[in-house]
Amino acid sequence: MVETVISVRDLSKSFAGVKALDGVNLEIRAGEIHCLAGENGSGKSTLIKVISGVYQPDEGTIELNGTRHDKLTPIEAIRGGVQVIYQDFSIFPNLSVMENLALNHELSQGRKLVNWRRFRTIAKEAIAKINFHVDLDARVGDLSVADKQLVAISRALLHDTKLIIMDEPTTALTNREVEALFRVILDLKSRGIAILFVSHKLGEVFEISERFTIIRNGKLVVTSLPEELDHKKFAHYMTGREVDDVRFEQPETVGEPVLEVEGLGLEGALEDITFTLHAGEVLGITGLLGSGRTELALTLFGLFPTDSGKIRVKGRAVRLGGIRDAIANGIAYVPEDRLTEGLMLERSIADNIVVAELDEFTSPLGMMDSTRRQSEVDRWVADLKIATANAENPVNTLSGGNQQRVVLAKWLATNPDILILNGPTVGVDIGSKSDIHLILQDLARGGMGIIVISDDIPELLQTCRRILILDEGRVTAEVDPDTTTEQELSDLITGAITAGVGV
Amino acid sequence: MKRILRSTEFYVFLVVVAISIIIQARSGQFFTANNLVDIANAMVVPGLFAIGAYMVLVSGGIDVSFPALASLAVYAATRFLVDIGYEGSILLPFAIVIVLGALLGAFNGLFTTFLVIPTLIITLGTANVFSGIMQGALNSVQISTLPPSMNAFGRANLFVATNPTSGLTSSMPVSFLILVAVAVIIFFVMKFTMFGRGIYAIGGDEASAIRAGFKVKAIKFWLYVVVGVIAALAGLIRTTSMGQMHPTNLLGMEIMVIAAVVLGGVAITGGTGSLTGVMLGTLLIVIVQNSMILVGVPTYWQRFALGTLIIVGTGVSAVQLMRRRTRQRLVSA
């Protein structure tokens with residue numbers, strides 16, 4: 001009989017009358033890797049917060065290490081061995097690794113004074129637990145994301161930990177770092193520590209979990225074994241609807257070239273980039289982080305002055321000296337990090353949609369034509385199915401998928417001929433992702449030239465007509481998604497195999 | 001060793017040495033006993049203020065109210081003591097000023113703890129409230145005769161240094177010991193108590209500090225109380241050394257003090273900085289203010305030099321920050 005670390009029964013929790021959790025049951029056994037999956041807003045975070053004592057449930061019971069709790073406080077959860085690793089890792093970037101590791105422990109011991117020698121001992125003990133090699137005197141802010149995460153994990157192990165909850169731990173990691181993280185997780189498991197791994201990526205659920213639980217709209221959908229899951233079922237459980245993941249029909253013929261890039265160079269980032277984008281096609285560009293894919297996008301958007309090479313838009317040679325030049329030439333760019341680069345989070349949805357085309361609605365005296373503004377806003381909210389009761393609500397009230405639609409609307413409103421999207425569906429749930437893919441196909445069919453920069457391999461294969469692979473600032477391959485498997489594309493990206501370079 | 005070479009403190013130290021050598025070479029008067037004592041004397045008040053400003057900056061806030069706070073605390077204390085014709089020891093003035101400083105600091109502390117408003121705005125407000133109370137309610141005027149013990153404290157010195165060539169003398173005030181004592185205590189607090197590490201932690205990431213179990217509100221509140229006490233002490237020292245209470249004498253010092261602290265490597269964004277750097281930054285500004293006269297630089301050029309120093313000094317730390325960010329980007333890529 002395997003010991004149960006925590007089990008929750010018939011858990012319900014409402015916020016302002018909205019049920020965030022509705023009769024959820026979950027049981028986590030000692031030494032088990034359990035995946036918790038669900039779309040944004042499905043109740044995942046609420047469930048984590050109830051298990052870690054941050055929220056008190058309205059109904060239901062929690063049994064931690066065999067003791068029943070109607071209410072669990074954060075301290076009781078920690079004493080019971082529950083540790084949460086938040087997405088931001090809850091670290092102090094300005095302090096040393098040693099201090100980050102030892103502070104929480106010393107605080108929980110109620111110490112008032114600092115003994116630096118004891119700090120060092122505690123820190124050494126912490127990193128030894130997962131065999132993590134790091135300079136204890138380095139500033140945590142200078143570490144890579146993966147190392148920061150390892151700091152948070154080793155810190156969590158200082159307590160007598162029975163369950164570690166990891167909230168979407170792979171979001172900011174590269175593939176290699178994800179593999180390293182999985183090795184750490186397997187090691188923890190071998191020592192009898194249970195892991196609750198929160199994710200919305202199918203690949204991860206398959207690779208790491210022993211059991212998984214999917215919740216949707218606050219209700220438990222299924223708890224099962226990954227062997228019984230496939231992509232279609234997963235998407236169905238997550239979204240509650242049938243999501244097609246078949247490849248989009250690509251047009252046989254495409255239109256005139258809208259963008260021709262020839263011998264483009266940017267010091268230290270890009271070298272001799274040559275490609276053509278036609279009207280009506282979706283062109284994929286991929287590569288590892290640091291391969292130059294983001295630099296290429298920003299160069300085409302006029303942010304970096306090029307050192308060499310030519311750019312032609314609709315056959316006309318152009319010089320892109322800044323964002324204004326790019327917009328004037330019909331180029332739009334949807335950035336990778338919509339939260340910091342793409343949106344004014346505190347401002348209304350409407351303001352965000354019209355901001356790139358404000359000049360259009362302004363009279364020569366600088367007055368805003370509010371009727372035209374409103375009709376424009378209404379059009380985009382309807383066209384892109386942005387789920388909001390009122391377009392005057394701030395953008396940060398929307399889910400990730402809907403925020404991404406607002407960014408799209410903002411740039412589509414400028415009537416671009418060329419649309420460049422960097423990581424269009426990062427952090428977007430499956431349902432919205434497939435909607436965004438549909439929108440892109442429609443736009444291409446309408447004659448727009450679209451560049452999708454992504455490292456999401458299924459996404460690239462599904463949506464693109466051609467895919468360019470970048471490595472160290474050069475185009476190393478062009479592949480046809482029709483004849484390429486996910487494995488082949490992944491191998492090409494990581495350089496495990498090389499293809500004949502034909503551009 | 002590498003760590004020393006990378007630290008801001010080291011570069012500020014180099015600049016201090018370089019400027020000293022230049023002034024010595026041009027005037028021959030820098031490394032004379034009386035000039036060094038003069039500099040130490042001039043360090044006391046800005047040095048104390050700088051310690052307080054450093055603590056607030058590390059916590060991620062910024063305090064511009066300390067000169068007004070000090071003026072009000074000391075004016076109220078002096079007014080009261082003069083009005084009752086106080087003739088006792090210096091201990092009572094110190095006690096009153098410390099209590100008033102703590103109360104006014106607590107006022108700042110309450111606001112910053114319970115209102116989600118940038119501390120710059122709050123302390124701009126309280127600075128005006130403090131000087132308003134002093135000038136309006138207390139009807140402040142210059143008090144030219146202090147109680148005898150305060151006068152005596154202002155004149156008390158540890159030793160007198162004489163310049164062998166010019167025969168000029170300078171005395172090292174007893175108050176210098178207060179600067180040393182406060183610096184030692186605060187050094188210990190910031191480095192060896194959970195309260196001090198909590199201030200750093202809050203400046204680094206307040207949400208993380210709460211989750212780690214720091215009592216963030218209590219730490220912030222007591223921080224402002226401590227800073228209030230230090231500022232009030234500085235005010236009392238300035239008043240005793242001038243031999244009179246000049247209510248507006250300190251006002252306007254905040255910019256120079258914050259500049260000194262930032263020059264010393266304390267990040268304006270919070271979380272980083274050391275007391276060593278703060279003392280070096282203050283020393284640098286005091287040397288420029290005090291000793292440029294030795295090389296015959298007119299007063300208005302001193303202001304120019306100070307301004308340049310601040311721009312260059314803070315510019316260097318900004319560049320360092322940018323380098324660090326770039327490095328971080330490369331690391332994470």
Side-chain angles (χ1 to χ4, degrees), chain A residues 52 54 74-75 78 83-86 88-96 98-116 119 135 137-149 151-152 155 172-174 177 268-269 287-295, chain B residues 1-4 6-8 57-60 185 187-216 218-219 222 265-274 317 320-333:
Chain A
S52 57
V54 178
I75 284 293
I78 291 170
Q83 285 282 324
V84 185
I85 296 181
Y86 292 94
D88 65 1
F89 311 137
S90 243
I91 44 166
F92 303 109
N94 56 325
L95 301 180
S96 69
M98 171 173 67
E99 228 180 322
N100 267 280
L101 289 169
L103 270 178
N104 294 25
H105 180 262
E106 294 290 88
L107 277 168
S108 68
Q109 304 277 313
R111 294 198 196 271
K112 300 276 180 246
L113 295 180
V114 176
N115 176 338
W116 288 101
F119 266 46
D135 176 6
D137 297 306
R139 264 170 44 101
V140 165
D142 291 339
L143 300 181
S144 68
V145 179
D147 282 352
K148 284 178 189 155
Q149 187 173 47
V151 168
R155 183 177 63 190
L173 300 187
T174 63
E177 289 167 338
L288 297 173
L289 267 172
S291 61
R293 49 178 216 223
T294 299
E295 286 83 349
Chain B
M1 190 61 204
K2 243 189 190 161
R3 243 167 251 281
I4 294 177
R6 274 222 307 258
S7 68
T8 321
L57 275 180
V58 168
S59 80
I185 292 169
F187 178 81
F188 176 82
V189 167
M190 294 300 274
K191 179 113 189 164
F192 293 102
T193 66
M194 287 308 253
F195 173 71
R197 300 324 288 172
I199 294 174
Y200 274 94
I202 293 169
D205 189 328
E206 194 166 331
S208 300
I210 295 171
R211 288 190 206 138
F214 280 110
K215 294 184 179 114
V216 170
I219 291 175
W222 288 108
V266 177
I268 205 124
T269 45
T272 34
S274 72
S317 26
Q320 277 178 337
L321 190 72
M322 258 163 58
R323 286 225 182 104
R324 178 170 271 163
R325 293 237 168 103
T326 322
R327 206 168 58 226
Q328 239 169 298
R329 221 181 51 215
L330 291 176
V331 168
S332 56

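Every chain is numbered from 1 and lettered A, B, ... according to where its sequence line falls, protein lines coming before strand lines.
Although no hydrogens or angles enter the test, the distance criterion places no donor-acceptor pair under 3.5 Å between the side chain of A:N94 and the main chain of B:G270.
Atom CZ in A:F119 sits 7.5 Å away from atom CZ in B:R197 (nearest 0.5 Å). Taking OG of B:S208 as the start and CG of A:N100 as the end, the distance is 8.0 Å to the nearest 0.5 Å.
Of the listed residues (A:V84, A:L113, A:N115), the one with the most heavy-atom contacts under 4.5 Å to chain B is A:L113. In terms of heavy-atom pairs under 4.5 Å with chain A, the best-connected choice from B:G198, B:A201, B:G203 is B:A201.
Contacts of A:E106 with chain B are made by both backbone and side-chain atoms, with heavy-atom separations under 4.5 Å. Heavy atoms closer than 4.5 Å to chain A are found in both the backbone and the side chain of B:A209.
A:L107 and B:A212 get closest at one heavy-atom pair: CD1-O, 3.4 Å. What you find for B:M194 and A:R111 is that their closest heavy atoms are CG-O, 3.1 Å. The nearest pair of heavy atoms linking A:W116 to B:K191 is NE1-O, 3.1 Å.
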*A:Y86 and B:R211: CA distance, side-chain angles, deciding distance, side chain to side chain contact (heavy atoms under 4.5 Å, CB included) verdict*: CA-CA 10 Å; A:Y86 292 94; B:R211 288 190 206 138; 3.4 Å; yes
